Amino acid sequence: MVSNKDLISIRDLSREDIEHILKAAKDIDENPAKYSNLLSGKILATLFFEPSTRTMLSFQSAMSRLGGKTIGFSDSKTTSTAKGETLADTIRMVESYSDIIAIRHPHEGSARLAAEYSKIPVINAGDGTNQHPTQTLLDLYTIKKKLGKIDGLKIALIGDLKYGRTVHSLLNALSKYENVKIKLIAPDTLQMPKEIIEDSKGPEIETGESIDGALKGMDVAYVTRIQKERFPDLEEYESVKGKYRITREMVEAAGKKLMLMHPLPRVDEIEPDVDTLEQAKYFEEAKNGVPIRMAIIAMLLGKIK
Ligand code: NCD
């Protein structure tokens, strides 16, 4: 199981591990009082070298709701990194100030590197374009809570599939389920990298560029932001920005069965008047970040078996 280790990539978890975390999160969700002192005396360090709202705050909220405390930063310019300190040295310091670390960093592989240096558990809260495993766990939790299962679902991943780490982790995770059918809808230049598709064997995968009719027949449509900050060339960004816009009409035409998700933040890819539709589940999705992160922290610290 995941206790006393790190959570770096969703690929490191088996389907059983994933199900175990989702089950623990469900119990936390339903019986919060049972867990309110579980981590009293423990400290979570949130090291955020990249912007974040939901991920960082939900990690902090999760730790507080478990009775623990948090330290950390959300702007590395205010830390010794700005003076040239290496990640390895930062980690060696932080491990003596805390019991567990959640790290977000712009470089792929940085969370794995941090875990190699750290004696305490490390959770990857997003490493560049690579992985965002806790987001995937809350996405799966949201799907299961609403639809009761993940096996057999038809799921469209839409938007920036090249640079978006949430969809990389999610595709890896979905490949562990049975009979999942996946549509990858993206501008050709932003399609899912081949290595990730190869690493996600199992689901039937169809790729396309057009958003027209893409929501039809889907159980889940998972929309993502074009990751402006990852483009080496801003001109390339300008050529794809605003390309996909989910409108109220499109969601209504897709029918009530559809569940519309988004890791957030959104820019313009889902119009605000979609928010009040029954199909829009993205704010609920964000809310589920708390019980999921509570389960992960408590498991890694060995307090939930
Ligand atoms: C995502 C991220 O940081 O990868 N946000 C999140 O954690 N909920 C998605 C994004 O920034 O577009």
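First listed ligand is number 1; within each ligand, the first listed atom is number 1. Keep in mind that this is a model prediction, so the values were computed, not measured. Atoms considered below: every heavy atom in the structure, side chains included; atoms not considered: hydrogens, waters and symmetry mates.
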*Asks:* If we ignore hydrogens and angles and just use 3.5 Å, is the side chain of Q131 paired with the main-chain N or O of I10 as donor and acceptor?
*Replies:*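 Yes.
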*Asks:* Quick check, are the ring centers of F73 and F48 under 6.0 angstrom apart?
*Replies:* no
*Asks:* Considering non-hydrogen atoms of the protein only, which is the closest contact for atom 6 (C) of ligand 1, and what is the distance?
*Replies:* L264 O, 3.5 Å
*Asks:* With a 4.0 Å cut-off, would you call E50 and R165 a salt bridge?
*Replies:*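 Looking at R165 together with E50, the answer is yes, because their closest N to O distance falls below 4.0 Å.
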*Asks:* Quick check: does P265 get an N/O under 3.5 Å from an N/O on ligand 1?
*Replies:* no
*Asks:* Under 4.0 Å, counting heavy atoms only: does G164 come that close to any atom of ligand 1?
*Replies:*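 For ligand 1, residue contact (heavy atoms, under 4.0 Å) with G164 is absent.
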*Asks:* T55 to ligand 1: N or O pair under 3.5 Å?
*Replies:* yes
*Asks:* Run the salt-bridge test on E206 and K183 with the 4.0 Å N-O cut-off and return the result as yes or no.
*Replies:* no
*Asks:* Output yes when the distance from some N or O of ligand 1 to some N or O of R104 is under 3.5 Å, and no in every other case.
*Replies:* yes
*Asks:* Indicate yes or no: does D151 engage K149 in a salt bridge with an N to O separation below 4.0 Å.
*Replies:*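 Judged by the 4.0 Å cut-off on N to carboxylate O distance, D151 and K149 do not form a salt bridge.
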*Asks:* Any atom of ligand 1 sitting under 4.0 Å from a heavy atom of T224?
*Replies:* no
*Asks:* Pull out every atom of ligand 1 sitting under 4.0 Å from any heavy atom of H132, numbered as shown with elements.
*Replies:*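 Result: 2 (C), 4 (O), 6 (C), 7 (O).
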*Asks:* Indicate whether any N or O donor in one side chain lies under 3.5 Å from an N or O acceptor in the other, for Q135 and D139.
*Replies:*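 The criterion, which ignores hydrogens and geometry beyond distance, is satisfied for D139 and Q135.
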*Asks:* Numbering the atoms of ligand 1 from 1, which are under 4.0 Å from a heavy atom of P263?
*Replies:* 8 (N)
*Asks:* If you have a sec, work out which protein heavy atom is nearest atom 11 (O) of ligand 1 and how many Å separate them, to one decimal?
*Replies:*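 That would be R225 NH2, 2.9 Å.
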*Asks:* At under 4.0 Å between heavy atoms, which part of Q227 makes contact with ligand 1: side chain, backbone, both or neither?
*Replies:* side chain
*Asks:* I want to check something: taking the side chain as every heavy atom from C-beta on, are I185 and Y244 in contact at a cut-off of under 4.5 Å?
*Replies:*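 A side-chain contact under 4.5 Å exists here.
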*Asks:* When you measure from atom 4 (O) of ligand 1 to every protein heavy atom, which one gives the shortest distance, and what is it?
*Replies:* R165 NE, 2.8 Å
*Asks:* Are the charged groups of K26 and D29 less than 4.0 angstrom apart, N to O?
*Replies:*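 Answer for the salt bridge query: no.
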